[in-house]
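Read through the structure below, which is laid out as structure tokens, and then see the notes.
Here is the naming used below: chain letters follow the sequence lines, and residue numbers restart at 1 for every chain. What you see is a predicted model; the values in this text were computed from it and never measured.
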Amino acid sequence: MKNTQPETGAFFPRDRDWHPKAYTPGYKTSVLRSPRNALLSLGNTISEITGPVFGHDMLGERDNDLVLNFAKPGASAIGERIIVHGRVLDERGIGMSGVLLEFWQANAGGRYRHKKDNYLAPLDPNFGGCGRAITDENGAYSLRTVKPGPYPWPNGPNDWRPSHIHFSVFGYGFVQRLITQMYFEGDPLIPLCPIANAISDPEAIKRLVAPLDMANTIPFDARAYKFDIVLRGRRSTMFENRPEGN
Amino acid sequence: MVQSLDFLKESPSQTAGPYVHIGCVPEFAGIKGVYPDQLGAAMVNDKTRGESIVITGRVIDGSGTPLTDAMLEIWQADADGLFNSPAELRGTADPNFTGWGRQPTAGDTGVYLFETIKPGRVPFPDGSLQAPHISFWIVARGINIGLQTRMYFGDEKKANSEDPILNRIELNTRVKTLIAASKGNTYTFDIHLQGENETIFFDI
Ligand SMILES: [Fe+3]
């Protein structure tokens with residue numbers, strides 16, 4: 001029998017050694033923007049185990065299609081056509097349905113459509129760079145886009161970001177909220193990147209690198225990359241010492 | 001031999017970067033026409049129950065400079081202390097209140113602003129009542145993992161004095177970093193990333 005009651009157990013604590021630390025001087029902007037005191041550890045209350053949900057009805061037809069969602073009629077974004085797909089799971093391995101994903105990225109030349117980006121690569125008039133999707137009943141999502149180009153950024157004298165797509169992810173509780181980045185298999189810039197290297201465990205960095213997925217490639221159209229995302233798991237609600245009120 | 005604890009690891013966080021606006025508040029970034037509206041821009045409508053309030057402030061770095069490229073999200077209960085969430089099993093929250101808001105800090109002044117309502121009190125797991133509060137999540141370039149904190153209300157002295165979380169904070173001198181100053185219906189809540197007034201951030 002399927003348990004349809006929403007889960008209300010507390011989330012597993014974050015492994016703060018697995019995530020990047022706040023202060024990572026190789027990524028210079030973190031120096032003035034990192035809290036120096038220890039975080040205050042607390043158990044979850046109802047403010048943490050609840051969170052907003054988003055319905056599939058809010059999505060437009062082309063929200064997950066960055067090739068077309070900013071393009072003029074009949075036009076499409078310039079670049080290597082790719083599909084990115086995967087599942088959102090929690091740490092227990094359970095597929096999470098109804099998860100809102102928002103993505104943003106540079107165009108194929110490595111330029112963002114943003115007033116603060118003055119990289120000399122040109123804007124693509126048919127590429128906006130944002131998209132979103134909501135996972136299906138199995139936790140699956142997909143998007144179509146062009147592969148973002150690497151770009152230089154002012155950090156060290158010659159730092160280049162590897163090709164990457166930014167992901168913002170909503171779980172079921174506000175404390176599952178996560179922003180991360182997806183990298184591409186085989187990119188030699190990943191091990192050189194101060195932002196990727198803000199993560200100290202190489203095993204953790206690997207979790208952000210999407211493999212080429214030839215099985216889901218559409219012949220003569222678009223290559224596929226598979227990117228699974230894992231959010232915090234939560235304690236079973238059964239047998240939990242949970243006095244009334246929470 | 002035992003079975004292995006085969007839990008997965010959470011995907012590691014990465015900074016939201018300087019262009020988070022493109023993905024999360026695209027209209028603010030000047031990208032129009034992709035979505036009909038900006039998510040989280042409106043938390044209330046004219047039928048929302050409760051006391052209308054404004055929350056405003058800045059996110060300030062270790063040099064005293066307000067961040068002009070940050071994004072904040074807030075999450076709170078409705079006027080009766082109920083959350084608009086499937087995991088809310090105590091009742092049905094006000095359908096005219098989302099409980100969730102998202103705003104960038106202004107590109108010139110670094111000021112953020114939320115129009116919302118004052119939340120009711122919600123229970124702590126031991127059954128006691130928490131003081132009215134709003135959960136904050138702050139991301140920006142240079143922030144490697146989203147910062148979690150809470151805002152309490154400066155005009156709720158009695159409730160604050162009873163709050164189980166505020167009372168748990170050993171460094172009493174830092175409690176004030178979680179309490180927004182009130183003036184009329186406006187609450188000012190500056191978030192200090194570093195320095196003498198560094199805000200208390202939670203691992204929660
Ligand atoms: Fe980027």
Quiz item: For Trp75(B), which of Trp100(B), Trp137(B), Phe83(B), Phe136(B) qualifies under ring-ring contact (aromatic ring centres under 6.0 Å, His included)?
Solution: Phe83(B)
Practice problem: Measure Phe11(A) against the heavy atoms of chain B and call it side chain, backbone, both or neither at under 4.5 Å. | Solution: neither
Exercise. Sort Ile138(B) into side chain, backbone, both or neither according to what part of it lies under 4.5 angstrom from a heavy atom of chain A.
Key: neither
Quiz prompt | Region of Asp201(A) in contact with chain B, defined by heavy-atom distances below 4.5 Å | solution = neither
Quiz prompt | Min side-chain heavy-atom separation Leu66(A)-Arg144(A) under 4.5 Å | solution = no
Practice problem: Report yes or no: does Arg234(A) contribute a side-chain atom to a donor-acceptor pair with the main-chain N or O of Phe12(A) at less than 3.5 Å? | Solution: no
Practice problem: Is it possible for you to check whether Lys158(B) lies under 6.0 Å from the centre of the six-membered ring of Phe153(B), through NZ or CZ, and within 45° of that ring's axis? | Solution: no
Quiz item: Which bit of Phe103(A) is near chain B, if near means a heavy-atom gap under 4.5 Å: side chain, backbone, both or neither?
Solution: backbone
Self-check item: Which portion of Val34(B) sits near chain A, non-hydrogen atoms under 4.5 angstrom
Solution: both
Quiz item: Is it the side chain or the backbone of Lys21(A) that comes within 4.5 Å of chain B heavy atoms, both, or neither?
Solution: backbone
Quiz item: Short question: side chain of Arg14(A), backbone of Asp203(B) - any donor-acceptor pair under 3.5 Å?
Solution: no
Quiz item: Side chain, backbone, both or neither: which part of Ala204(A) has an atom under 4.5 Å from a heavy atom of chain B?
Solution: both
Practice problem: Identify which part of Leu89(A) has an atom lying under 4.5 Å from any heavy atom of chain B, answering side chain, backbone, both or neither. | Solution: side chain
Quiz item: Relative to chain B, which segment of Pro52(A) carries a heavy atom at a distance below 4.5 Å: side chain, backbone, both, or neither?
Solution: both
Quiz item: Tell me, side chain or backbone of Phe170(A) under 4.5 Å from chain B's heavy atoms, or both, or neither?
Solution: side chain
Quiz item: Can a cation-pi geometry be assigned to Lys116(A) and Tyr19(B), taking NZ or CZ under 6.0 Å from the six-membered ring centre and within 45° of the ring axis?
Solution: no
Quiz prompt | Reference residue Val59(B); test side chain to side chain contact (heavy atoms under 4.5 Å, CB included); the match among Thr65(B), Thr68(B), Thr105(B) | solution = Thr105(B)
Quiz item: Taking the six-membered ring of Tyr35(B), is NZ or CZ of Arg132(A) closer than 6.0 Å to its centre and within 45° of its axis?
Solution: yes
Practice problem: Considering only heavy atoms and a distance below 4.5 Å, find which of Ser135(B), Gly146(B), Pro18(B) pairs most often with chain A. | Solution: Ser135(B)
